[in-house]
Every structure is written in structure tokens, then in C-alpha cells.
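Below you'll find the structure, written out as C-alpha cells, and then a few comments.
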Amino acid sequence: MKRAKKYPFPTLQQQRFTLHFDNQSSLSELPSEKDFYRWAWHALKNEYRRADISIVLLDEEPARAYNADYRGKDYATNVLSFALNEGEIMPDQLSDGLYGDLIICPQVVLKEAAEQSKTPAQHFAHLTIHGTLHLMGYDHIEDNEAEIMETLETRLLNQLGYPNPYRQD
């Protein structure tokens with residue numbers, strides 16, 4: 001009979017990825033912390049040995065304030081990404097990891113999901129992966145960057161059982 005592994009996969013996963021989840025939204029029936037964990041983990045697991053991410057769900061007014069303060073845009077947006085290492089030299093103990101924050105506005109996400117004929121879970125999964133990829137350094141300012149990021153998002157979402165978020169029906 002085989003001996004049980006000392007560190008089964010869930011234990012190793014928890015050692016590699018920590019999610020700090022804070023739902024400050026007034027809305028109910030949103031995806032669970034476990035859902036957000038699964039989506040973010042799926043985006044980063046193949047590229048990072050260690051990750052520590054915060055996801056905060058905020059209502060429209062506080063989300064608008066963050067967007068105005070940090071991007072100069074006076075409206076609530078679906079997801080904001082703040083990478084700890086963006087443009088900084090990291091101490092050695094942090095250099096192999098991904099550290100950052102995502103702010104997600106459920107009201108905007110739900111409105112967009114309805115407009116795009118997507119389920120809320122599809123759109124929350126997409127935006128969590130999208131925001132995590134931003135933390136990882138991906139961007140979509142230039143067309144070639146956008147194509148790379150969209151292809152990766154589509155592949156990751158397909159692996160989770162979600163359809164292509166960019167397909168127009």
C-alpha cells in the first residue's frame with residue numbers, strides 16, 4: 001500500500017497562493033470567496049511559485065472614487081488592478097511572487113453581464129482572470145498586447161468550462 005503524501009495538493013496550493021477576500025458590496029448572491037480563489041489561482045498557477053492577492057468587492061461609489069483617484073476617470077469600472085511590484089525592484093524574499101490587489105465593482109459587472117448576454121459567473125470569472133493577468137504584467141494598450149491577453153483569457157476560461165468572452169453572438 002502506498003504511503004500518503006506528506007503535502008497533498010490542497011496543502012501545497014494553500015502554501016503557494018493566499019487570497020485575502022473582502023466583500024464590502026451591498027449586493028447579495030455574488031460568487032463565493034472560493035469561486036474567486038479558483039479563478040485567480042487558475043490564471044497564475046503556471047507562472048508563479050508564490051502569490052498573495054487581495055480581492056475587494058466595492059459598491060459603485062467607492063469603486064468610482066478609486067478609479068478617479070488612481071486613473072483620473074470619474075466613474076465606477078468593472079475591475080481595477082494594483083500590482084505591488086509595478087515599476088519597483090522587489091526585495092529578494094518577494095521577487096519570486098505575485099503581490100497585488102484587485103477591486104471589483106459587482107454592480108458594473110452585473111450590468112455588463114446582462115448587456116453582453118453572459119451569466120454573472122461567466123463575467124466575474126472573466127474579470128477576475130483579466131485583473132489577475134494585469135497583476136502579472138499583461139496589458140491590452142497595444143493591439144498585439146491585446147491579442148496575446150485575450151487569447152490567454154479565452155484559453156484559461158475555456159479550461160474552466162466558460163465560453164470565449166470576446167465572441168460576438
Side-chain angles (χ1 to χ4, degrees), residues 17-45 47-48 51-88 97-142 145-169:
F17 177 43
T18 302
L19 175 67
H20 307 275
F21 184 76
D22 186 8
N23 182 358
Q24 296 182 21
S25 173
S26 61
L27 297 180
S28 59
E29 298 189 33
L30 296 174
S32 70
E33 178 177 352
K34 189 175 184 178
D35 291 325
F36 286 100
Y37 184 100
R38 182 171 50 96
W39 299 328
W41 165 253
H42 193 67
L44 63 84
K45 68 183 177 184
E47 293 192 39
Y48 285 90
D52 196 313
I53 295 175
S54 295
I55 295 179
V56 181
L57 305 182
L58 293 179
D59 285 334
E60 286 181 272
E61 193 53 35
R64 183 202 60 76
Y66 272 98
N67 203 25
D69 288 348
Y70 292 98
R71 296 180 62 227
K73 301 186 183 217
D74 194 24
Y75 57 87
T77 190
N78 50 25
V79 62
L80 291 168
S81 302
F82 300 96
L84 176 65
N85 63 346
E86 197 165 50
E88 300 174 13
L98 176 66
Y99 304 89
D101 303 319
L102 298 179
I103 295 175
I104 298 174
C105 181
Q107 287 90 345
V108 173
V109 174
L110 293 172
K111 180 181 175 214
E112 290 175 348
E115 291 170 353
Q116 298 170 20
S117 300
K118 297 177 183 175
T119 67
Q122 285 174 319
H123 205 42
F124 275 106
H126 177 213
L127 293 173
T128 302
I129 288 173
H130 182 89
T132 303
L133 291 177
H134 275 306
L135 295 178
M136 295 166 62
Y138 290 90
D139 213 336
H140 47 80
I141 295 170
E142 302 294 330
E145 293 174 332
E147 187 175 331
I148 291 167
M149 189 170 178
E150 289 174 10
T151 299
L152 182 54
E153 287 172 313
T154 300
R155 182 173 54 82
L156 292 168
L157 287 162
N158 285 166
Q159 290 169 351
L160 290 168
Y162 295 110
N164 180 344
Y166 296 103
R167 188 181 76 226
Q168 303 291 330
D169 289 335

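Because the structure is predicted, anything quoted here is derived from the model rather than measured.
For A63 against A76, the heavy-atom pair with the smallest separation is CB-CB, 4.2 Å. Across W39 and P31, no two heavy atoms sit closer than the pair CH2-CB, 3.7 Å. The minimum heavy-atom distance between R38 and L160, with the atom names listed, is NH1-CD2, 3.9 Å. Considering all non-hydrogen atoms of both residues, E147 and T151 come closest at O-OG1, 2.8 Å. Across every non-hydrogen atom of V109 and H123, the tightest pair is O-CD2, 3.2 Å. Between D59 and Q107, the shortest heavy-atom contact is OD1-NE2, 2.7 Å.
Listed by chain and number, the residues in a side-chain hydrogen bond (donor to acceptor under 3.5 Å, both in side chains) with K45 are H42 (sequence neighbours excluded). The side chain to side chain contact (heavy atoms under 4.5 Å, CB included) check on N23 picks up F21, S25, L30, L57, with sequence neighbours excluded. For the side chain to side chain contact (heavy atoms under 4.5 Å, CB included) test, residues two or more places apart in sequence or in another chain that qualify with E150 are A146, E153, Y166. Legend: residues meeting salt bridge (charged side-chain N to carboxylate O under 4.0 Å, His left out) with E61, ordered by chain and number and at least two apart, are R64. Remark: D139 pairs with H134, I141, E145 by the side chain to side chain contact (heavy atoms under 4.5 Å, CB included) rule, at least two apart or across chains. Remark: S32 engages K34, D35 in a side chain to side chain contact (heavy atoms under 4.5 Å, CB included) (not counting sequence neighbours).
Enclosure of atom CD in Q159 by more than 12 non-hydrogen atoms of other residues, nucleotides or ligands within 6.0 angstrom is indicated.
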(request) For the pair L110 and F124, evaluate side chain to side chain contact (heavy atoms under 4.5 Å, CB included) and give the outcome as yes or no after the intermediate values. (result) CA-CA 8 Å; L110 293 172; F124 275 106; 3.8 Å; yes
(message) One pair to check against side chain to side chain contact (heavy atoms under 4.5 Å, CB included): K118 and E112. What are the steps and the verdict?
(response) CA-CA 8 Å; K118 297 177 183 175; E112 290 175 348; over 6 Å; no
(request) Step by step, work out the side chain to side chain contact (heavy atoms under 4.5 Å, CB included) result for L98 and I53. (result) CA-CA 8 Å; L98 176 66; I53 295 175; 4.1 Å; yes
(request) Check the pair I103 / F82 against side chain to side chain contact (heavy atoms under 4.5 Å, CB included), numbers first and verdict last. (result) CA-CA 8 Å; I103 295 175; F82 300 96; 3.7 Å; yes
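Classification of the F17-Y37 ring pair by plane angle, with boundaries at 30° and 60°, yields tilted.
Counting heavy atoms from C-beta on, the side chains of T154 and P165 come closer than 4.5 Å. Annotation: side chain of H20 is not in contact with side chain of D101 (no heavy-atom distance under 4.5 Å).
Between L19 atom CG and T132 atom OG1 the span is 9.0 Å, to the nearest 0.5 Å. With rounding to the nearest 0.5 Å, the separation of OH in Y66 from CG in L80 is 9.5 Å. Atom CG in L127 sits 7.0 Å away from atom CD1 in I104 (nearest 0.5 Å). L135 contributes atom CG, which lies 4.5 Å from atom CG of L102 (distance to the nearest 0.5 angstrom). Rounding to the nearest 0.5 Å places NZ of K111 at 11.0 Å from CG of N78. In this structure, NE2 in H130 is found 11.5 Å from CG in L152, a value given to the nearest 0.5 Å.
Of the possible donor and acceptor atoms, one in the side chain of N158 sits under 3.5 Å from a partner among the backbone N and O of Y162. Side chain of T18 to main chain of D52: no donor-acceptor pair is present (N/O by atom type, distance under 3.5 Å, no hydrogens or angles). Not a single donor-acceptor pair under 3.5 Å links the side chain of D22 to the backbone N or O of V56.
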